[in-house]
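Accompanying notes for the structure given below.
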Amino acid sequence: MKRKFFWSMLTILMVTLLCVGFTSCGDDDDDDAKAKVVGTWKGRDGNTTVTMTFNSGGDGMYIESYNDSYSGGRESVSTSFTYSMVDAKRGIASIKVPDKWYSGSSTWTFYFIISDNTMSVYDDDFGDDLEFVLTKQK
């Protein structure tokens, strides 16, 4: 009886150690994913030019330049943003945009997918409502 108990406890201990070993050996997918996105991405949609510069720390700079029908001239938005990677090719950016007409700001959420040197940026979810396509600058 004692021998059976000993082997049962030993088996449980070994299975537990095996599970801990597999879960503690994490990979660096997040760092690899951020390495793919870090840099400056630029694109154009009609008269609108968008530049997003991603830093390795999960933040960046968003610049949008467009023709404003109200003022009749060229307007631009320049603000910082934060981002996180969902996996090696997909991420979410949160951009806090100051509103020049009203006091305060609004937050835009963009979903992006990277394919080689092209970034597709979506408004509503991954693959839904394409906003613009950016190309990684060298």
Side-chain angles (χ1 to χ4, degrees):
M1 185 67 145
K2 286 183 182 181
R3 182 170 259 207
K4 190 174 185 180
F5 179 75
F6 171 76
W7 287 110
S8 295
M9 286 296 122
L10 185 60
T11 302
I12 290 171
L13 178 63
M14 290 181 70
V15 169
T16 302
L17 290 175
L18 186 63
C19 290
V20 169
F22 279 126
T23 57
S24 67
C25 295
D27 51 32
D28 296 330
D29 283 346
D30 192 45
D31 292 338
D32 293 342
K34 281 187 178 177
K36 288 180 184 178
V37 77
V38 168
T40 300
W41 299 77
K42 195 171 193 175
R44 181 177 208 105
D45 181 20
N47 289 323
T48 302
T49 303
V50 174
T51 303
M52 294 180 79
T53 302
F54 291 80
N55 301 321
S56 61
D59 63 346
M61 185 61 119
Y62 176 85
I63 302 170
E64 181 178 326
S65 179
Y66 57 93
N67 289 334
D68 186 12
S69 59
Y70 292 110
S71 68
R74 194 88 176 142
E75 296 285 327
S76 66
V77 172
S78 178
T79 187
S80 60
F81 67 89
T82 59
Y83 73 94
S84 61
M85 299 302 294
V86 175
D87 56 33
K89 295 184 178 189
R90 300 181 308 152
I92 301 172
S94 180
I95 303 168
K96 191 170 186 177
V97 182
D99 191 330
K100 71 178 188 174
W101 302 109
Y102 305 101
S103 60
S105 62
S106 58
T107 301
W108 298 346
T109 301
F110 286 145
Y111 303 83
F112 58 89
I113 300 174
I114 300 170
S115 177
D116 297 323
N117 289 331
T118 302
M119 177 186 291
S120 299
V121 181
Y122 300 93
D123 192 26
D124 288 327
D125 200 355
F126 297 107
D128 188 22
D129 196 13
L130 180 66
E131 282 293 307
F132 40 85
V133 177
L134 307 177
T135 304
K136 190 164 192 180
Q137 305 299 294
K138 305 222 184 253

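Just so you know, these numbers use all the heavy atoms, side chains as well, and skip hydrogens, waters and symmetry mates.
A distance of 10.5 Å separates OG1 in T53 from CG in D59, rounded to the nearest 0.5 Å. Atoms CZ and OG1, on F54 and T82 in that order, are 10.5 Å from each other to the nearest 0.5 Å. Atom CZ in F132 sits 13.5 Å away from atom CZ in R44 (nearest 0.5 Å). Between the CE atom of M85 and the NZ atom of K36 there is a distance of 8.0 Å, given to the nearest 0.5 Å. The distance from atom OG1 of T49 to atom CZ of R74, rounded to the nearest 0.5 Å, is 5.0 Å. Here the NZ-OG1 distance, from K96 to T79, works out to 9.0 Å after rounding to the nearest 0.5 Å.
Of the residues listed (I92, V121, V86), the one engaging F112 in a side-chain contact (heavy atoms from CB on, under 4.5 Å) is V121, and it is the only one.
Within 6.0 Å of the NZ atom in K42, the count of heavy atoms belonging to other residues, nucleotides or ligands does not exceed 12. Other residues, nucleotides and ligands place more than 12 heavy atoms under 6.0 Å from the CG atom of D129.
Summarising the geometry of A93 relative to F81, their closest heavy-atom pair is CB-CD1, 4.1 Å, with the distance given to 0.1 Å. Closest approach of T135 and Q137 over heavy atoms only: O-NE2, 2.8 Å. The heavy-atom pair separating I63 from S78 by the smallest distance is CG1-OG, 3.8 Å. For the pair G60 and N55, the tightest heavy-atom approach, listed with the atom from each and the gap, is CA-ND2, 3.8 Å. Nearest heavy atoms, Y122 versus I113: CE1-CD1, 3.8 Å. Taking all atoms of both residues into account, the shortest heavy-atom contact from K136 to W41 is N-CE3, 3.4 Å.
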- prompt: For E131 and W108, what are the C-alpha separation, side-chain angles and deciding distance, and is it a side chain to side chain contact (heavy atoms under 4.5 Å, CB included)?
  reply: CA-CA 12 Å; E131 282 293 307; W108 298 346; over 6 Å; no
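A distance-only check finds a donor-acceptor pair linking the side chain of D87 to the backbone of R90 [under 3.5 Å].
Under a hydrophobic-cluster definition in which Ile, Leu, Val, Met, Phe, Trp and Tyr are linked whenever side-chain heavy atoms come within less than 4.5 Å, directly or via other members, M61 and L134 are assigned to different clusters. Residues I95 and V77 share a hydrophobic cluster, clusters being chains of Ile/Leu/Val/Met/Phe/Trp/Tyr side chains in contact below 4.5 Å.
The aromatic rings of Y62 and F110 lie tilted to each other, with the angle between the two planes from 30° to 60°.
Side-chain contact between V37 and I114 is present, with heavy atoms from C-beta onward closer than 4.5 Å.
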